[in-house]
Visitor: 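Would you mind keeping the following structure in view while I ask a few things?
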2 protein chains.
Amino acid sequence: MKPTATRERILDAAERLFAERGYDGASLRAITGQARVNLAAVNYHFRSKRALMRAVFARRLEPLNQKRLALLETCMAARANGPPDLERLVEALVAPAFRMGEQSTGDAAALRKFMGWVLVDPGVQIERVLAEQFHEVALHFVAAFRRALPDLPPEELFWRIHFSIGAMASVLTGAPFLKIASGGRLDTSDVDGVVQRLVAYISGGLRAPLASGRRRRRGPPGGSGAS
Amino acid sequence: MKPTATRERILDAAERLFAERGYDGASLRAITGQARVNLAAVNYHFRSKRALMRAVFARRLEPLNQKRLALLETCMAARANGPPDLERLVEALVAPAFRMGEQSTGDAAALRKFMGWVLVDPGVQIERVLAEQFHEVALHFVAAFRRALPDLPPEELFWRIHFSIGAMASVLTGAPFLKIASGGRLDTSDVDGVVQRLVAYISGGLRAPLASGRRRRRGPPGGSGAS
DNA sequence: GTCTATATGGGGATAGAC
DNA sequence: GTCTATCCCCATATAGAC
């Protein structure tokens with residue numbers, strides 16, 4: 001077997017099994033079994049299971065973010081003067097995540113699930129990897145969104161980006177509540193259609209008018225704002 | 001010790017530990033230890049760890065959904081004729097999840113995290129519980145949203161509700177990407193403020209204009225898509 | 001680089017006394 | 001209803017031969 005092939009096989013199998021069973025649910029035995037590789041190979045090529053996890057994630061995140069930046073450049077170039085088109089911007093952020101792995105050997109659906117799962121699960125603790133690889137992309141997109149939505153206060157924009165990634169991630173993972181609300185009538189296999197809907201939804205959310213000052217438990221008219 | 005107290009103590013401890021460590025990360029030994037209850041008590045009062053998990057979830061979901069329905073009634077009563085106010089509708093769906101456990105003994109932050117986590121994680125397999133308890137609420141809310149957004153095709157509405165719950169869930173869990181995009185500048189402790197922002201965002205998303213028919217990979221004029 | 005074999009520890013579940 | 005003690009399985013990680 002080609003020396004470097006082992007490493008890739010482990011990454012492929014780990015990706016699939018992490019997606020299917022979660023971090024704890026995917027044992028190294030299962031991973032090495034599916035990769036048809038020796039159990040000890042994991043601890044040789046990677047240092048530990050957690051390190052393997054981070055490697056699986058990092059391998060996908062880098063090209064994903066490059067794709068995003070490339071699309072972002074296109075958006076900005078198309079509107080050299082004036083604000084960029086918001087829908088295109090959102091698409092540049094969202095679509096690459098749904099196109100991942102389409103031409104690789106692995107299971108594209110599993111890959112999407114894995115990525116969404118990693119984004120949402122606070123227990124995975126890939127913040128470091130995420131922060132390193134995502135920081136540049138975040139900066140560029142935040143700047144672009146600011147130009148597209150100049151009236152939105154920065155703090156509000158951050159929150160809305162957060163909501164948007166959450167909406168995207170829940171679709172990637174295949175969260176279970178979808179089939180309940182719809183009675184199972186939704187077609188999740190039409191990736192293009194989902195991306196299109198998601199882009200429309202997120203753009204609408206980003207463009208929403210600012211909430212009026214209504215607060216729950218607002219102070220009475222006399223204005224005793226202390227709390 | 002009061003007989004029924006044990007059961008509650010287990011539920012409280014399990015809720016906290018599931019929220020902090022996830023399902024696999026929270027061992028029965030840790031749970032019973034924190035509840036200061038014997039290890040075997042879990043398998044006596046519940047049948048298994050999974051059943052305990054479902055019980056933890058169900059205990060919160062029922063009053064949560066009752067609260068939602070009560071708020072929904074208020075919305076509909078306020079606009080007996082004509083469509084209900086969308087923002088109020090969204091608030092009725094979202095706000096109760098963020099108010100959970102405010103007057104109970106447990107850790108409210110942990111509870112929110114747990115609920116969001118359960119919603120998003122497809123591996124938890126609480127679909128049955130979710131379906132049973134959520135079905136009635138889903139029907140009512142879908143009907144109300146339909147009245148508020150009469151021009152939205154049903155399928156589109158289902159998708160958008162799904163996106164909305166995803167956005168909500170990612171806030172509940174405290175997903176990690178928030179602090180990355182913002183550089184840690186966001187105040188997550190202001191629950192009222194977050195709910196307000198979330199309501200505005202979701203309402204905007206629900207109201208978004210339908211995506212035009214643009215599709216990726218429409219037949220290219222010269223079409224050398226090979227790679 | 002790859003294998004076998006094993007160290008070491010934790011997990012969920014249960015039997016049976018009280 | 002509650003406890004102790006234990007069964008039995010599986011996990012990650014590593015040592016050391018090849």
Side-chain angles (χ1 to χ4, degrees), chain A residues 1-59 105 110 114 117-118 121 123-126 128-129, chain B residues 1-59 114 117-118 121 123-126 128-129:
Chain A
M1 190 179 298
K2 208 196 304 179
T4 58
T6 295
R7 208 168 181 277
E8 293 301 312
R9 295 159 65 85
I10 292 173
L11 286 170
D12 286 342
E15 182 173 278
R16 183 164 41 249
L17 286 169
F18 282 145
E20 283 171 8
R21 311 182 187 178
Y23 179 80
D24 299 282
S27 70
L28 291 182
R29 283 175 167 81
I31 291 168
T32 53
Q34 191 155 114
R36 280 174 304 163
V37 152
N38 189 270
L39 171 62
V42 167
N43 269 331
Y44 178 81
H45 287 282
F46 310 88
R47 214 186 67 264
S48 66
K49 188 184 178 183
R50 289 217 91 86
L52 168 61
M53 165 79 194
R54 280 189 286 265
V56 170
F57 182 62
R59 177 177 68 147
T105 53
F114 169 76
W117 173 77
V118 152
D121 191 335
V124 185
Q125 290 168 339
I126 38 92
R128 283 262 300 283
V129 181
Chain B
M1 189 180 299
K2 208 193 309 179
T4 58
T6 294
R7 206 167 182 278
E8 293 301 312
R9 294 159 67 86
I10 293 174
L11 286 171
D12 286 342
E15 182 173 278
R16 182 165 41 249
L17 286 169
F18 282 144
E20 283 171 9
R21 312 184 188 177
Y23 179 80
D24 299 283
S27 70
L28 290 182
R29 285 172 169 81
I31 290 169
T32 53
Q34 189 156 116
R36 280 175 306 163
V37 151
N38 190 273
L39 170 63
V42 166
N43 267 335
Y44 178 80
H45 286 282
F46 311 89
R47 216 187 64 262
S48 67
K49 188 184 179 183
R50 289 216 92 87
L52 168 61
M53 165 80 193
R54 280 190 286 265
V56 170
F57 181 63
R59 177 176 69 148
F114 169 76
W117 171 77
V118 152
D121 190 335
V124 186
Q125 289 168 340
I126 37 89
R128 282 262 300 283
V129 181

Visitor: When you match A:Ser27 and A:Tyr44 each to their closest nucleotide on DNA chain D, which lands nearer the 5' end?
Guide: A:Ser27
Visitor: Once you round it to whole Å, what is the distance between P of C:dG10 and CG of B:Leu28?
Guide: 15 Å
Visitor: Please check the phosphate of D:dG1 (OP1 and OP2 only) for any side-chain N or O of B:Thr6 closer than 4.0 Å.
Guide: no
Visitor: Taking CZ from B:Arg36 and C1' from D:dC3, how many angstroms apart are they, rounded to a whole number?
Guide: 17 Å
Visitor: Give the rounded distance in Å between these two atoms: CG of B:Leu17 and P of C:dG11.
Guide: 12 Å
Visitor: Roughly how many Å is it from CG in B:Asn43 to C1' in C:dA13, rounded to a whole number?
Guide: 5 Å
Visitor: For A:Ala40, answer base if it contacts any base atom (sugar-phosphate contacts may also be present), sugar-phosphate if it contacts only those atoms, and nothing otherwise; contact means non-hydrogen atoms under 4.0 Å.
Guide: base
Visitor: Under 6.0 Å from the six-membered ring centre of B:Tyr44 and within 45° of its axis: does the NZ or CZ of B:Arg7 meet both?
Guide: no
Visitor: Would you indicate which nucleotide in D:dT2, C:dT4, D:dC3 comes nearest to any side-chain atom of A:Asn38?
Guide: C:dT4
Visitor: Rounded off to whole Å, could you give me the NE2-to-C1' distance for the B:His45 and D:dG1 pair?
Guide: 6 Å
Visitor: How many whole angstroms separate atom CG of B:Leu39 from atom P of D:dA5?
Guide: 13 Å
Visitor: Just by distance, do the side chain of B:Arg21 and the backbone of B:Ala26 share a donor-acceptor pair under 3.5 Å?
Guide: no
Visitor: Less than 4.5 Å apart, any side-chain heavy atom of B:Arg29 and any of B:Leu39?
Guide: yes
Visitor: Do B:Arg29 and C:dG12 share a donor-acceptor pair, side chain to base, under 3.5 Å?
Guide: yes
Visitor: In whole angstrom, give the distance that lies between atom CZ of A:Arg9 and atom C1' of C:dG1.
Guide: 15 Å
Visitor: Let me confirm one number: the NZ-CZ distance from A:Lys49 to A:Arg54, rounded to the nearest 0.5 Å.
Guide: 13.0 Å
Visitor: Could you tell me the separation between the CZ atom of B:Arg21 and the C1' atom of C:dG11, rounded to a whole number of Å?
Guide: 14 Å
